[in-house]
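Here is the structure we will look at, set down as structure tokens.
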Protein chains: 2
Amino acid sequence: METRELRYFVAVAEELHFGRAAQRLGIAQPPLSRAIHQLERRLGASLLERTSRTVTLTEAGSVLLQEARAALDAVEAAERRTRRAALAATGRPGVVLATKAGASSELVAKLLDAYAAEPDAVTVDLLLCGIGEQERLLRDGRADVALLHLPFDSASGFDTEELRAEGQVVVLPAGHPLTGRTQVRMAEVTELPDLPLPRWPGPDGAYPEGPGPRARDHAQLLQLIALGRACWIAPESCRAQLSEDLAAVPVLDAPMVTTVIAWPPQSRSRAVAGLVRAATRH
Amino acid sequence: METRELRYFVAVAEELHFGRAAQRLGIAQPPLSRAIHQLERRLGASLLERTSRTVTLTEAGSVLLQEARAALDAVEAAERRTRRAALAATGRPGVVLATKAGASSELVAKLLDAYAAEPDAVTVDLLLCGIGEQERLLRDGRADVALLHLPFDSASGFDTEELRAEGQVVVLPAGHPLTGRTQVRMAEVTELPDLPLPRWPGPDGAYPEGPGPRARDHAQLLQLIALGRACWIAPESCRAQLSEDLAAVPVLDAPMVTTVIAWPPQSRSRAVAGLVRAATRH
DNA sequence: GGGCAGCGATACCTGGCGGGTATCGATCCC
DNA sequence: GGGATCGATACCCGCCAGGTATCGCTGCCC
């Protein structure tokens with residue numbers, strides 16, 4: 001199988017429409033139809049169920065969709081990492097660290113300082129990203145190493161080293177009745193009718209159904225809380241970033257949040273190894 | 001990048017010889033030279049250092065070699081898993097479990113029994129393999145799930161669940177002086193001049209340098225021990241498979257051996273999930 | 001219910017590129 | 001210094017990816 005065929009199939013499987021998929025790929029529809037047919041013939045499997053009005057994935061098709069995405073990420077990673085290696089050999093070497101926008105900057109700062117003290121430290125480029133984006137970046141080679149927050153992110157498929165475990169707090173508008181408490185339980189928070197948890201756009205950009213207001217980023221979220229329209233459950237370390245019109249109360253039975261440093265399996269990069277060493281040495 | 005280019009590059013990088021690589025690929029040498037040149041031009045990186053007598057990998061080249069192998073495995077896995085999914089939809093569904101030849105059969109038997117009791121259990125095909133082979137099988141889709149033994153195998157890049165941890169024993173010919181002991185230390189074993197540890201062929205088929213006799217498989221190894229030409233350090237559970245002319249003594253300070261069940265990250269196979277459930281329910 | 005619009009499949013053509021043979025040029029070795 | 005070895009170059013050919021035109025089917029709507 002050639003990556004071209006995989007790219008073609010992914011486009012059709014995602015669009016479920018040959019015309020749009022062809023447009024997205026920058027080719028005409030007939031060659032696309034033919035390519036998919038060839039792919040099906042060679043695999044000896046029907047991937048798509050097409051009536052002349054609608055296209056759906058078969059069981060084998062959805063397996064291939066998932067596997068093809070992973071394979072294409074691996075190919076892209078190969079290309080990017082090779083380019084970066086060539087660049088590092090001639091020009092300035094560097095390593096890309098992916099971290100969540102709005103996550104604790106204190107931990108990152110410490111890590112960067114510790115790494116900078118290493119004898120063979122190279123430039124660290126920070127890549128701030130949205131929720132769940134880091135795994136993709138690590139997989140397709142745009143990042144070399146990432147800070148993940150379990151259980152929000154998934155470290156599945158990466159090598160990891162645990163850096164910190166912390167409890168969570170509920171962030172409330174200053175002056176809210178719960179603010180006086182030294183601790184609360186999850187049930188008390190989720191059942192606040194006046195302060196629902198806000199909704200985040202998923203990986204596809206759509207908001208889940210629900211009562212909460214919508215927030216697109218961190219700043220909007222904090223604004224919503226300050227305005228008394230929402231509350232939020234977040235790792236303890238976010239307290240450092242709260243302004244005066246917000247308050248935080250520990251949530252006793254919220255799941256622990258573990259910060260880990262993650263890197264692609266079998267990474268032989270000296271820079272990644274150095275960062276991990278610096279991070280774990282604390 | 002197309003997988004064809006990656007395959008070509010891997011062949012040249014492994015052979016370090018355009019002629020042999022071309023032969024291995026079943027094409028002539030000139031098109032191979034040209035393909036590698038094109039790849040280098042498109043990546044904007046020099047991958048191979050060639051004099052007219054010798055070919056060596058550049059820094060970028062060895063990065064690409066590693067990444068390309070992973071990417072090609074992913075592509076192969078996509079192809080195989082799709083084929084299997086199509087087969088499962090029409091014919092008999094099944095799941096492939098990779099396990100070490102010569103490993104504890106008791107644990108495997110228990111696992112298979114427990115899984116067979118699951119409501120939607122499918123056929124489990126066993127794939128017995130040599131040391132370190134399982135990771136490859138899991139990565140390129142020939143296996144769906146595997147039993148690994150840490151720290152001998154590496155579970156890096158897979159999702160795992162721990163099944164058992166055990167100590168190790170030294171296997172000796174019956175009647176050897178140490179046989180009378182209830183336990184020994186590593187130092188006592190490694191410094192037996194008359195009973196060296198045997199050498200295993202590495203992944204490339206070559207034997208490492210050293211004093212020990214060579215063994216190609218399990219049976220040869222046990223034979224060597226029975227003949228008083230070697231001793232061996234192995235997980236406790238191997239005792240069940242020892243014949244009468246062999247004896248085992250616990251090694252106090254040998255590293256613990258952990259048996260884990262491992263599967264490719266984000267596997268959505270119901271069968272794999274069922275096997276893992278059966279394994280962890282113990 | 002018939003006409004129309006939308007969509008995938010088919011037919012057919014063209015150009016580029018992957019692959020082959022012949023040969024060159026450099027380097028090492030006897 | 002001459003031959004052997006090996007990668008690069010030159011040149012040619014055939015196949016296949018991609019384009020255009022068109023068909024056939026199926027909802028949908030007046």
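As the structure is a computational prediction, the values presented were derived from the model and not from experiment.
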Next on the checklist: Tell me whether A/Glu59 at atom CD has more than 12 heavy atoms from other residues, nucleotides or ligands lying less than 6.0 Å away.
Outcome noted: no

Specify the separation, in whole Å, of atom [atom1] of [X] and atom [atom2] of [N].
X       : N      : atom1 : atom2 : value
A/Leu16 : C/dG8  : CG    : C1'   : 14 Å
A/Leu39 : C/dA9  : CG    : P     : 13 Å
A/Gln23 : C/dC7  : CD    : C1'   : 14 Å
B/Arg50 : C/dC28 : CZ    : C1'   : 19 Å
B/Phe18 : D/dG7  : CZ    : C1'   : 7 Å
B/Arg20 : D/dG7  : CZ    : P     : 8 Å
A/Leu25 : D/dA17 : CG    : C1'   : 13 Å
A/Glu2  : C/dG18 : CD    : P     : 10 Å

Checklist entry - Hey, which of these two, A/His17 or A/Arg34, hits DNA chain C nearer its 5' end, going by closest nucleotide? => result A/His17

Checklist outcome for this item: Taking for A/Arg53 and for A/Pro30 the nucleotide of DNA chain C with the nearest heavy atom, the one nearer the 5' end belongs to A/Arg53

NZ/NE/NH1/NH2 to OD/OE distance under 4.0 Å, [X] and [Y]:
X       : Y       : answer
A/Glu40 : A/Arg50 : yes
A/Glu76 : A/Arg7  : no
A/Arg69 : A/Glu14 : yes

Checklist outcome for this item: Between B/Ala230 and B/Pro213, the two heavy atoms sitting closest are CB-CG, 4.0 Å

Checklist entry - With a 4.0 Å cut-off on heavy atoms, is A/Glu5 in touch with a base, just the backbone sugar-phosphate, or nothing at all? => result nothing

Checklist entry - At under 4.0 Å between heavy atoms, what does B/Gln38 touch on the DNA or RNA strands: base, sugar-phosphate, or nothing? => result sugar-phosphate

Next on the checklist: Check the phosphate of D/dG7 against B/Ser33, side-chain N and O only, distance under 4.0 Å to OP1 or OP2. Yes or no?
Outcome noted: no

Checklist entry - Side-chain N or O of B/Thr51 less than 4.0 angstrom from OP1 or OP2 on C/dT27? => result no

Checklist entry - Taking the nucleotide of DNA chain D with the closest heavy atom to each, which residue, B/Gly19 or A/Arg4, is nearer the 5' end? => result B/Gly19

Checklist entry - A/Ile27 has a side chain; which of C/dG8, D/dG19, C/dG20 sits nearest to it? => result D/dG19

